[in-house]
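In what follows, a structure is listed as structure tokens, so that the remarks can point back to it.
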Amino acid sequence: MPLAASAIYFLNLRGDVLINRLYRDDVGGNMVDAFRVHIMQTKELGTCPVRQIGGCSFFYMRISNVYIVIVVSSNANVACAFKFVVEAVTLFKSYFGGSFDEDAIRNNFVLIYELLDEIMDFGYPQNLSPEILKLYITQEGVRSPFSSKTADKPVPNATLQVTGAVGWRREGLVYKKNEVFLDIVESVNLLMSSKGSVLRCDVTGKILMKCFLSGMPDLKLGLNDKIGLEKESQLKSRPAKSGKTIELDDVTFHQCVNLTRFNSEKTVSFVPPDGEFELMKYRITEGVNLPFRVLPTIKELGRTRMEVNVKVKSVFGAKMFALGVVIKIPVPKQTAKTSFQVTSGKAKYSPSIDCLVWKIRKFPGQTEPTLSAEVELISTITEKKSWTRPPIQMEFQVPMFTASGLRVRFLKVWEKSGYNTVEWVRYITKAGSYEVRC
Amino acid sequence: MAPPAQSHRSPSPSQPSGKGEVSDLKTQLRQLAGSRAPGTDDTKRDLFKKVISYMTIGIDVSSVFSEMVMCSATSDIVLKKMCYLYVGNYAKHNPDLALLTINFLQRDCKDEDPMIRGLALRSLCSLGVANLVEYLVGPLGNGLKDGNSYVRMVAAVGVLKLYHLSASTCLDADFPPLLKQLMLKDKDAQVVANCLTSLQEIWSLEASTSEEAARERETLLSKPVVYYFLNRMKEFSEWAQCIVLELVSKYVPMDTEEIFDIMNLLEDRLHHANGAVVLATIKVFLHMTLSMTDVHQQVYERIKAPLLTLVSSGSPEQSYAVLSHLHLLVMRAPYIFSSDYKHFYCQYNEPFYVKKLKLEMLTAVANESNTYEIVTELCEYVANVDIPMARESIRAVGKIALQQYDVNAIVDRLLQFLEMEKEHVTAETLVLVKDLLRKYPQWSHDCIAVVGNISSKNVQEPKAKAALIWMLGEYAQDMQDSPYILEGLVENWDEEDSAEVRLHLLTAVVKCFLRRAPETQKALGDALAAGVTDFHQDVHDRAFLYYRLLKYDVSVAERIVNPPKQAVSVFADTQSSEMKDRIFDEFNSLSVVYQKAQFLQPSYMFTDKEHRGPFAFSEELGNLSIGTEPSDAAVAAQRVEANDKDLLLGTSEKEEGHGYGSNGSAYSAPSYNASTTAGASQAHFDLVSIDQPSTVHPPVSFAIDDLLGLGMPSAPSSVPSTLQLNAKASIDANAFQQKWRQQPISLSQETSIDPRGVAGMMNPQALPQHMQGHSINCIASGGQAPKFKFFFFAQKEDGSSAYLVECIINSSSCKVQLKIKADEQATSQAFSELFQSALSKFGSA
């Protein structure tokens, strides 16, 4: 079933309409009231992103301080609806320069109306590519290429671009310096039991690319993934070079990547869009290098005292370091007083989240700082049973490290004019949901 | 300029500020209208922005309509867009004023700039004023032929808009054939995609009234058209790909080779970054291989990785949508995902709706090899601060326990929950222990020891309390304190609000009395005394019933209240497999999320505009199972039974039971699975009346097993538990005709048929052959697409009774009308169920 959205609403947290656009007449005008009464003002809010009220279904998502609501009256494609919202927000962000919130909407509402008109027609998603839309809908709303008839030729085939086959790149781009930036960003998800065994661990990575290339370049990316390397050695009929290879569980690509070629040759080849985009996403569950080990010991001494000892071990190379490490150690609600000793960084008690927050700005590899804290509790009578411990959570960024071991082997650029390109590659591993039970 | 921050919920005339400013705007606009001074556009732009911002927050600015139109003569495209937006918003309510705009919109449709042509055409079609449609036809026709693809793209959707405004105008202007032409030859993929969506919508809506449209809709699914789309797949945008893939999933390939070709072509789509494309591709794969068991399994293997990726990437909302689909697949093929159970472990910060689905997934994939790990993980969640999460986790543990044969470790875990001394954990666990004991009576000893230690004061929730009381009654023999605890509970009769608990209390006291009379006598007396004066009708009635029974003969009471019980082997699933199949047919739609098939209730689910709560839907379902024609005896008997059940069910439980789609409640109101207990039920009258040959089993409280036996003498089993048909039944045409004329219609029903079945209707012999496999013979058939008519004949196994059926199938709307005549009217309902289930399998095999 296709997505045929009847209306889209942007609401602030109080439920005021910031923007609304009705696409079809098959729902009443009071849909937003229904949403307010039956979802926003009830405990239901946030319990389920899809709700049916009357004959209509509401899909809603909260993005910063804005609710985006799509109303449909048919048996619509849910995945498509949410993806549409996500893409639309990405589009708006690229127009507003990165932020999407109530203020951004208020300040750009005419622009959003223009965009809403283009990205969806009669409830069916149309073109959402920022590259193309920016050709004829501009940030300032000043003089679109067609508006002023005095201006000499408008971009000749902008409308062709709107609908055309290579929807992601326009022709005739020229850069003085041809550069490509690759960012490999991985987030590690970990769930470790209190006994130190890994319950669940995976890495979701993405390769972000920023292209400043002239003309219509053809790019080819080589990674150290097992299947790709095997295929390559097969094609060239020579044994694969030894070295660390990794196994990608699954990959998805930006629409510019030639998927047929990926399927047959296992190479990632593409004509990139101009500017910034997400080239591919991948997922790995086997052979993940965890950057940190957390060894907690939490002792409850009677009803009013607790002893917390946490040792965090960095297991990446000694020359590397992690940045912005935050370790959140949960303590009971009735915590009265805390005292700390840390061998590195700073720690404090944050009552709003019931956690001891230990921050280490720069965390070198192969070290193991510790925190030991004493927690005094207000004694209460109501709490009959011992406090159930939420997991310790960790945030970090480790530059030049990939938890999956993924490496870019090469990035080749072909263009008929044969210019030279400069390629920049960065790696970074971040914490996704890094949880250790204690 | 930003819209003012204050909120205006509705246009109210009493807002002086709004009104004053609007009239200010009006004058300012009027001044600008004629002006050609430089810089006018910028001033206009500010004013327009103001107007739009008022419009957005709900202030009625329709009064400046004519001024806006006057100012619209501009070359500034942004101004134009704002003006179009304004006009689009108010035209519907001011059709007269809208006429003013037609002129300039039509002029813009001829502008030399394709952008303006497109925009004007879009606005023109979006005006939504029915009596202006005549002005649309010309520009639309030109738009479809426009040299610029942007305009054609807009025009393609414009046709659909026109159709919704006035179907006849659209059809008279011959737009659909034009769209079809464009769809099959346009160079631009987006134009093609828009043509396809428009045509799909138009022909689907037309199909019910026009045979031609129905045929046209079929041609969209014909080989050349589908191949045309497949070959252009890569040109389409990701959104258009979703639509094309949806089309392909409905296509029925001729042979396996074709299936493999299509799948090979589409395999790369599984790597697409857009989750909706991936899901749509999966749908194609799954539906195409339905008949090829081996390949179907391979497909599951193939789609596993992409699905798991989709779950772990993207926003929680997206994960939710994907997880709902994954859940459906896991139910169909649990073993495929059983080694990936770790993917379904919950993260601490995930929203509850994601966690809940993950829990359901964990219970579904649990098997011998992974149960230990899964249950260990679930136990972690039980200790969770989040109460709903803890409850769901306990239910999940219980569900696994009920699935598995080796429950030893799980029972221990459950009993440990009881020792956690948290009220919600105890409550939830008690309900589960009760269910567990019904299935595994051999565990009673261990359970009773722990349950006995629970103070009934710590249990407040009705459901849990009822469970505890049930156990006190059922195991009165083994629980030392049982009579005394019950006595204490009876003393607090008046403080007990829940009728459900009072009902259980009555039963438990009687059971206890039958075993340990001396100790319970006082409690029994008090309970019956309190019961007969109870304001709740059911409680009152039950108390009287017991009172009279006991007075009549204690041994009879014993036989009725406390018969030997058989362990429940299978608890009925919340959803019949038929329902699941239907949902599966609607893969990649809301049906999956709601776990309800659109198909079953088309009148309500999505087309009905009346405002009805979700409960209305579930009630309808309930009626559906009971039968729509209360006139004949069989149905009447069923009604009585249904009422009986109502009588015995606590009110709260009854409501829960009707919440058919929600998995959570399924658990607390278990029902017997008719098909599995059918054999045994004959012997144990406690189950007889539950055996409805319906697809939706009404949930039955566990107390029923004690009491329904009463219905036995008064409600003879007029509805045989399983209606067997004679496979060799025969009748000649004359006899059939004669019978048909003589007998009254005992049942007439409307139902629906699988769309894939409809595809099979192309062969007139397909349905008769299929039905013959179910011992239902076709006597005569006829008709033309979209309307086919069949006469069927069937006979009961022992030859005693014959059934005649007239079945009219509308292949375009997938509706089926049934008229059933039977020798034995009482069994016609059962036969109808049988017939419908046979029919529903048509095409899905």
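Letters A, B, ... are given to chains in the order of the sequence lines, protein chains preceding strands, and every chain is numbered from 1.
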[X] side-chain N/O to [Y] backbone N/O, donor-acceptor pair under 3.5 Å:
X: Arg122(B); Y: Asp117(A); answer: yes
X: Gln318(B); Y: Ala79(A); answer: no
X: Arg283(A); Y: Ala305(B); answer: yes

query: So which part of Leu191(A) gets closer than 4.5 Å to some heavy atom of chain B, the side chain, the backbone, both or neither?
result: side chain

Can you tell me which portion of [X] sits under 4.5 Å from chain A's heavy atoms? Options are side chain, backbone, both or neither.
X: Tyr320(B); result: side chain
X: His164(B); result: side chain
X: Tyr341(B); result: neither
X: Leu279(B); result: side chain

- prompt: Out of Thr204(A), Thr252(A), Asp250(A), which residue meets the side chain to side chain donor-acceptor pair (under 3.5 Å) rule with Thr309(B)?
  reply: Asp250(A)

Residues Arg437(A) and Glu377(B) bridged, charged N to O under 4.0 Å: yes

query: Does a side-chain N-to-carboxylate-O contact under 4.0 Å join Arg24(A) and Glu201(B)?
result: yes

message: Just checking Phe262(A) against His271(B), ring centres under 6.0 Å apart?
response: yes

Indicate whether any N or O donor in one side chain lies under 3.5 Å from an N or O acceptor in the other, for [X] and [Y].
X: Gln126(A); Y: Asn194(B); value: yes
X: Ser589(B); Y: Asn75(A); value: yes
X: Tyr434(A); Y: Gln347(B); value: no
X: Ser57(A); Y: Tyr594(B); value: yes

- request: Would you mind reporting whether Trp239(B) and Glu87(A) have side-chain heavy atoms less than 4.5 Å apart?
  value: yes

query: Would a 4.5 Å heavy-atom cut-off, applied to side chains only, mark Gln190(B) and Asn127(A) as touching?
result: no

- request: Begin with the C-alpha distance, continue with both residues' side-chain angles, and end with the deciding distance and a verdict on salt bridge (charged side-chain N to carboxylate O under 4.0 Å, His left out) for Asp202(A) and Lys342(B).
  value: CA-CA 10 Å; Asp202(A) 61 65; Lys342(B) 284 190 177 172; over 6 Å; no

